[in-house]
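Take a look at the structure below.
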There are 2 protein chains.
Amino acid sequence: MARGAIWAAIAGTLAGELAQGLYPAGAKLPTEAELAARFGVNRHTVRHALADLAAKGLVVSRRGAGVFVASRPTDYAIGRRVRFNENVTAAGQVPSRELTRLETRVAAGHEAAALGLEPGALVQVVEGVSLADGQPIAMFRSVFPAARFSGLLDALREVPSITMALAAAGVDDYVRASTRVTAKAAKPVQALRLRLREGAPILRTEAVNVDGAAVPVEYGLTWFAGERVTLTLSV
Amino acid sequence: MARGAIWAAIAGTLAGELAQGLYPAGAKLPTEAELAARFGVNRHTVRHALADLAAKGLVVSRRGAGVFVASRPTDYAIGRRVRFNENVTAAGQVPSRELTRLETRVAAGHEAAALGLEPGALVQVVEGVSLADGQPIAMFRSVFPAARFSGLLDALREVPSITMALAAAGVDDYVRASTRVTAKAAKPVQALRLRLREGAPILRTEAVNVDGAAVPVEYGLTWFAGERVTLTLSV
DNA sequence: ACGGATTTGTGCGTATGTATG
DNA sequence: GCATACATACGCACAAATCCG
């Protein structure tokens, strides 16, 4: 700890305590004065450390109120190629997911249309929650043509990502063909799953992913916790 | 100027002078003490402004040496999927381009070979300069099979990127199949276009892009201003 | 090669402004 | 209105890296 600047050591200590979950997301940190006393340094030195953490997106400060644990990830890139795991790992977090439904059923009208299927065709449906460092980031529902991906549901139980399950089904690459983004208020069930209050802002994206031959492989709806995610639209 | 923090006003003033090209890339800014005297503020206030500029990637400071104008963009990702606009926008800059040539002609031997065409086949050729925030980043020459992309030149006049022009021609996705990188010295014409001195280092990349069916759609040469770009090879 | 001057980095102390609760 | 807490700004001092004669 001796080598390097004092502020860097303090920032590292605080970052460790944040990663450890000592302070829950949204919690208020001790005041700058208290932190200065704790580490035995001037308040400016604490501020330098906090500025570093703020630049990394770990904390957010509000004048007159305090310094709070940021709800990460701050940014979620939405481009032609979106991989949840890449977004999360790029933010230095650990991605995980919980599956809440796996089923094969008849496609709804808009699902069949989005996937270019005949009305009444069968589809595989997977629903679940995506988490970063254990905190819910988004709910998702993905719909796949059942005729092409017969073993997909089994694969999804085995591997940790949709990308890998599709790869096992022979789709080694896919791109986002279209995306629509709307803002909604959280319904009770959504608020429960995403650990939000009812009525909290939700970002809803609707996307169609296609393979290299432009054939639709997935029709996906995702509901992001608006307070924890900023969608970044690239191109 | 009165509203807002002093450091923010100073940062804005300096950012404007940088954007104006008052200091060339790589040049040394006045010392913190000099800037403090110029703006009539404490050195800490100048440091706050410089820290802000550094966070935005506009300047780089070296202890004992000084503060220097950053040569942006620092990184230019070269992967299987390269889109100039994505690289530039990811760096927080505004992409643009100037077309210097649009023509249809007989393919040269190496061009036909790269695109898998018969010798003597016709190709569409577009040449131009890519800029980020108005500063030249690279010269490019792209060659396309004329038989497949008859309306491409017209599309290129309409849309701001090659990716979009190809999309209009039915290629909604393409990947970089091969890339070769060499280093050259700027020739007089290149130095003029890229606003470099003659003999300045140039990074020359030669790439073949293919569509989802592995059919070549573009043979491209790009000459990057070596002093302003670092190519990052990924995958 | 060396040493002093220069320049940025770090840290403390103090004072005042401004938003919050 | 009042106390609290972060934001800004000034001043001083020394350390560390670089530069130059």
Side-chain angles (χ1 to χ4, degrees), chain A residues 1-15 17-18 22-72 74 197 227, chain B residues 1-15 17-18 22-72 74:
Chain A
M1 283 269 277
R3 82 151 170 271
I6 297 176
W7 68 261
I10 294 175
T13 299
L14 291 176
E17 294 179 356
L18 291 176
L22 203 151
Y23 304 101
K28 182 177 176 302
L29 267 63
T31 69
E32 294 177 350
E34 288 169 348
L35 288 174
R38 167 183 165 190
F39 292 105
V41 298
N42 188 275
R43 186 177 147 236
H44 278 311
T45 307
V46 167
R47 279 183 60 75
H48 198 157
L50 290 175
D52 182 63
L53 295 180
K56 291 177 181 172
L58 295 180
V59 300
V60 175
S61 64
R62 287 166 45 211
R63 172 185 294 194
V67 179
F68 301 84
V69 181
S71 344
R72 304 163 300 150
T74 310
R197 68 186 180 285
E227 293 172 340
Chain B
M1 283 266 279
R3 80 157 168 270
I6 298 176
W7 68 260
I10 295 176
T13 300
L14 292 176
E17 294 179 355
L18 290 175
L22 203 151
Y23 304 100
K28 182 178 175 300
L29 266 61
T31 68
E32 294 176 351
E34 288 169 349
L35 289 173
R38 168 185 165 189
F39 292 105
V41 299
N42 187 275
R43 186 179 146 229
H44 278 310
T45 306
V46 167
R47 281 181 60 74
H48 197 157
L50 291 174
D52 182 63
L53 296 179
K56 292 176 181 171
L58 295 179
V59 301
V60 175
S61 63
R62 287 167 43 212
R63 174 187 289 194
V67 179
F68 301 84
V69 181
S71 33
R72 305 166 301 149
T74 310

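Below, chain A is the first sequence line, B the second, and so on; all start at residue 1.
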Ignoring backbone atoms, test whether [X] places a side-chain nitrogen or oxygen under 4.0 Å from the OP1 or OP2 oxygen of [N].
| X | N | result |
| --- | --- | --- |
| B:T45 | D:dT8 | no |
| A:N42 | C:dG11 | no |
| B:R47 | C:dT8 | no |
| B:S61 | C:dG9 | yes |

Open item on the list: Between P on C:dT10 and NE2 on A:H48, what's the gap in Å once rounded to a whole number?
Closed with: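 Answer to the nearest Å: 5 Å.
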Task: Among C:dC12, D:dA9, D:dA5, the nucleotide that comes nearest once only the side chain of A:T31 is considered - done: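 The listed nucleotide nearest to A:T31's side chain is D:dA5.
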TODO: Could you work out which one of C:dC12, D:dC10, D:dT8 sits closest to the side chain of A:V41?
DONE: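 The nucleotide sitting nearest to the side chain is C:dC12.
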Task: Residue pair B:V59 / B:L18, side-chain heavy-atom distance below 4.5 Å - done: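 In short, these two side chains touch, coming nearer than 4.5 Å.
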TODO: Determine whether B:L50 and B:L14 make a side-chain contact, defined as any pair of heavy atoms from C-beta on separated by less than 4.5 Å.
DONE: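 A side-chain contact exists here, since the closest heavy-atom pair is under 4.5 Å.
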Task: Nearest non-hydrogen partners of A:L35 and A:P30, listed with the distance - done: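 What the structure gives for the nearest pair is CD1-O, 3.8 Å.
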Open item on the list: Which heavy atom of A:A11 sits nearest to which heavy atom of A:A49, and what is that distance?
Closed with: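 So the two residues come closest at N-CB, 3.8 Å.
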Nucleotide N/O to protein N/O under 3.5 Å, stretch nucleotides 19-21 of chain D:
{"from": "D:dC19", "atom 1": "OP1", "to": "B:R62", "atom 2": "NH2", "distance (Å)": "2.9"}

N/O donor to acceptor pairs below 3.5 angstrom from side-chain atoms of residues 39-46 of chain B, sequence neighbours left out:
{"from": "B:N42", "atom 1": "OD1", "to": "B:H44", "atom 2": "N", "distance (Å)": "2.8"}
{"from": "B:R43", "atom 1": "NE", "to": "B:E32", "atom 2": "OE1", "distance (Å)": "2.6"}
{"from": "B:R43", "atom 1": "NH2", "to": "B:E32", "atom 2": "OE1", "distance (Å)": "3.0"}

Scan nucleotides 15-17 of chain C against the protein and return all N/O pairs shorter than 3.5 Å with their distances rounded to 0.1 Å.
none

Task: Near-strand residues of residues 32-40 of chain B, defined as heavy-atom separation under 4.0 angstrom from DNA chain C - done: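 Contacting residues: B:E32.
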- [ ] Could you pick out which residue, A:W7 or B:K28, lies toward the 5' side of DNA chain C when each is mapped onto its nearest nucleotide?
- [x]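 This one resolves to B:K28.
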TODO: Report the distance from atom NZ of A:K28 to atom OH of A:Y23, rounding to the nearest 0.5 Å.
DONE: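 Here the interatomic distance stands at 10.5 Å.
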Task: Distance, nearest 0.5 Å, that separates CD1 of B:I6 from NE2 of B:H48 - done: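 Atom-to-atom, B:I6:CD1 and B:H48:NE2 are 11.5 Å apart.
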Task: side-chain contact (heavy atoms from CB on, under 4.5 Å) involving A:A37 - partner list, sequence neighbours excluded - done: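 Per chain and number, A:A37 pairs via side-chain contact (heavy atoms from CB on, under 4.5 Å) with no residue.
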TODO: Report the residues that fulfil side-chain contact (heavy atoms from CB on, under 4.5 Å) with B:A15, sequence neighbours left out, ordered by chain and then residue number.
DONE: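 With sequence neighbours excluded, B:A15 shows a side-chain contact (heavy atoms from CB on, under 4.5 Å) to B:L53, B:L58, given in chain and number order.
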